[in-house]
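These notes concern the structure reproduced below.
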Amino acid sequence: MDLGLTGKTALVVAASKGLGKATALQLAKEGAIVHIVSREEQTLKQTRAEIIKESGNDEVYYSVCDITDGNAIIQAVAAARQHTGSVDILINNAGGPPAGKLMDFDDDTWQQAFELNLLSFVRFIRAAAPIMKENGSGRILNIASSSIKQSIDNLLLSNTFRAGIVGLAKSLSQELAPDNILINTLGPGKIHTDRVDQLDQKTADLQGRSLEEVQRESQASIPIGRYGKPEEFANMAVFLCSSANSYVTGQAFVVDGGMVKSIN
Ligand code: NAP
């Protein structure tokens with residue numbers, strides 16, 4: 001299948017590691033011109049070098065951006081356009097919010113999670129959509145969580161704001177379709193990244209068990225019997241934001257090895 005990504009420009013948010021990095025790498029392998037953002041210049045430089053080496057595509061750019069800062073987001077979108085020529089594809093992503101339950105979080109923590117895990121998505125779309133409208137087409141993919149289908153114990157903030165992303169994307173799929181801008185949401189379910197290791201370590205600490213034991217049990221509970229690899233997530237992400245996807249919009253999918261048991 002021709003994904004039609006050669007020469008397309010992609011802004012990948014929160015992409016110094018994990019799922020963002022894996023998606024940026026797959027896009028670069030498919031010939032896209034990629035711009036990555038996250039908070040630390042040194043890490044971004046290193047990630048850029050790794051993507052260039054692994055993809056053989058040297059059209060990889062970066063800018064430093066704390067995505068909880070609205071002005072920084074406007075600047076990051078402008079930098080992406082300046083470096084790559086446009087923004088054909090936006091991959092919205094963010095670091096995960098803290099784990100915990102109702103009485104663990106005060107208003108400040110709720111506000112921070114809102115700004116990181118929902119408002120940043122709105123802000124990136126608001127800055128990138130006018131560029132896509134000028135182009136007459138665009139693709140937006142939001143990276144959320146398997147909690148878009150089934151809530152996850154002890155992750156109240158994530159469960160709340162990921163649902164908001166799905167509502168946002170469904171509404172925007174209606175508003176942006178006349179401009180041929182398609183928007184979808186992809187929920188990872190235990191794709192092996194630092195985030196998963198950190199959450200498993202927290203579980204291990206709370207239960208007084210080893211990380212290895214917790215991860216063995218967790219992987220055994222997934223029908224496919226293991227955690228996913230970041231590139232397995234990225235393959236689906238890249239299809240949804242490619243030209244090969246011309247009719248799927250407003251949808252929410254999980255990449256989870258069969259972990260989620262809900263039907264919808
Ligand atoms: P990760 O390995 O922790 O990577 C997070 C990325 O976000 C890093 O590049 C980090 O870079 C960047 N970041 C964090 N805060 C930022 C900020 N304020 N501004 C800009 N960049 C920021 O996480 P991941 O596993 O790839 O997960 C990505 C998202 O999917 C997270 O929201 C996570 O909760 C969610 N998720 C993942 C899984 C999974 O199976 N992996 C499951 C459910 C949900 P810097 O720290 O250098 O800025």
Side-chain angles (χ1 to χ4, degrees), residues 11-26 35-48 50-51 62-73 75-77 79-80 91-100 111-121 123-124 141-166 185-202 215 218-219 222 224 226-234 236-237 252-257 259-260:
L11 167 55
V12 188
V13 181
S16 64
K17 61 179 182 171
L19 305 177
K21 177 183 175 184
T23 304
L25 172 61
Q26 291 298 92
H35 187 93
I36 56 174
V37 301
S38 63
R39 287 170 298 182
E40 289 168 22
E41 176 142 34
Q42 210 39 49
T43 324
L44 282 165
K45 265 191 191 163
Q46 174 71 29
T47 300
R48 173 180 179 269
E50 286 170 20
I51 292 175
Y62 72 82
S63 56
V64 176
C65 174
D66 182 334
I67 62 169
T68 58
D69 176 344
N71 287 327
I73 287 176
Q75 285 166 17
V77 174
I91 308 288
N92 255 334
N93 184 31
Q111 186 65 34
Q112 284 160 17
F114 164 64
E115 290 184 11
L116 179 65
N117 294 108
L118 185 55
L119 186 57
S120 72
F121 285 51
R123 286 169 161 163
F124 270 106
L141 183 77
N142 302 311
I143 298 181
S145 163
S146 63
S147 63
I148 59 176
K149 301 287 183 189
Q150 179 178 298
S151 67
I152 303 174
D153 290 349
N154 206 38
L155 278 179
L156 178 62
L157 294 172
S158 172
N159 295 338
T160 303
F161 293 115
R162 314 303 190 177
I165 291 171
V166 176
T185 302
L186 202 51
K190 304 262 174 133
I191 309 292
H192 205 172
T193 64
D194 289 356
R195 166 79 174 169
V196 166
D197 282 342
Q198 282 156 13
L199 290 173
D200 285 343
Q201 185 63 61
K202 190 160 183 180
Q215 292 200 321
S218 174
Q219 299 200 57
I222 297 171
I224 282 194
R226 61 173 174 82
Y227 286 164
K229 298 176 197 150
E231 59 268 31
E232 292 177 305
F233 177 87
M236 178 80 164
F253 305 96
V254 290
V255 178
D256 71 342
M259 183 179 78
V260 168

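Both counts, for ligands and for their atoms, begin at 1 and track the order of listing.
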(request) Give a yes-or-no answer on whether the side chains of Gln46 and Glu50 include a donor-acceptor pair shorter than 3.5 Å. (result)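 Gln46 vs Glu50: donor-acceptor pair found between side chains.
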
(message) I'd like to check Ser63 versus Val37 (side-chain heavy atoms, cut-off strictly below 4.5 Å). Are they in contact?
(response)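 Ser63 reaches Val37 side chain to side chain.
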
(message) Quick one, Asn93 and Val12 - any side-chain contact, counting heavy atoms below 4.5 Å?
(response) no

What atoms of ligand 1 come closer than 4.0 angstrom to any heavy atom of [X]?
X      : answer
Lys190 : 40 (O)
Gly18  : 2 (O), 26 (O)
Val196 : 39 (C), 40 (O), 41 (N)
Gly96  : 31 (C), 32 (O), 34 (O)
Asp66  : 17 (C), 18 (N), 19 (N)

So which atom in [X] and which in [Y] form the shortest heavy-atom distance, rounded to 0.1 Å?
X      : Y      : value
Val254 : Ser146 : CG1-CA, 3.8 Å
Ala24  : Ile51  : CB-CD1, 3.9 Å
Pro97  : Ser158 : CG-N, 3.7 Å

(request) Return the orientation label for the Tyr227 and His192 ring planes: parallel under 30°, perpendicular over 60°, tilted otherwise. (result) perpendicular

Got the closest protein heavy atom to [atom], with its distance?
atom                    : value
atom 21 (N) of ligand 1 : Ser38 CA, 3.6 Å
atom 46 (O) of ligand 1 : Arg39 NH2, 2.8 Å
atom 23 (O) of ligand 1 : Arg195 CB, 3.5 Å
atom 31 (C) of ligand 1 : Ala94 O, 3.0 Å
atom 12 (C) of ligand 1 : Ala14 CB, 3.6 Å
atom 24 (P) of ligand 1 : Thr193 OG1, 3.7 Å
atom 27 (O) of ligand 1 : Leu19 CD1, 3.8 Å
atom 9 (O) of ligand 1  : Ser16 OG, 2.7 Å

Answer with side chain, backbone, both or neither: which part of [X] has a heavy atom less than 4.0 angstrom from an atom of ligand 1?
X      : value
Arg162 : side chain
Thr43  : neither
Val13  : neither

As a check for students: among [options], identify the option with a heavy atom nearest to [atom].
atom                    : options                        : answer
atom 30 (O) of ligand 1 : Ala144, Gly228, Ser145         : Ala144
atom 36 (N) of ligand 1 : Gly95, Pro188, Cys65           : Pro188
atom 40 (O) of ligand 1 : Leu199, Val254, Ile191, Asp256 : Ile191

Taking [X] as the fixed residue, which of [options] is the one that meets the side-chain contact (heavy atoms from CB on, under 4.5 Å) rule?
X      : options                     : value
Val13  : Thr23, Ile36, Ile67, Asn142 : Ile67
Ser145 : Arg162, Gln150, Arg195      : Arg162
Lys190 : Asp200, Ile224, Asp256      : Asp200

(request) Would you check the N or O atoms of Leu116, main chain and side chain alike, for any that come under 3.5 Å of an N or O of ligand 1? (result) no

(message) Quick check against the 3.5 Å criterion: does Lys149 have a side-chain atom that pairs as donor or acceptor with the backbone of Ala252?
(response) yes

(request) Report yes or no: does Thr47 contribute a side-chain atom to a donor-acceptor pair with the main-chain N or O of Ser16 at less than 3.5 Å? (result) yes

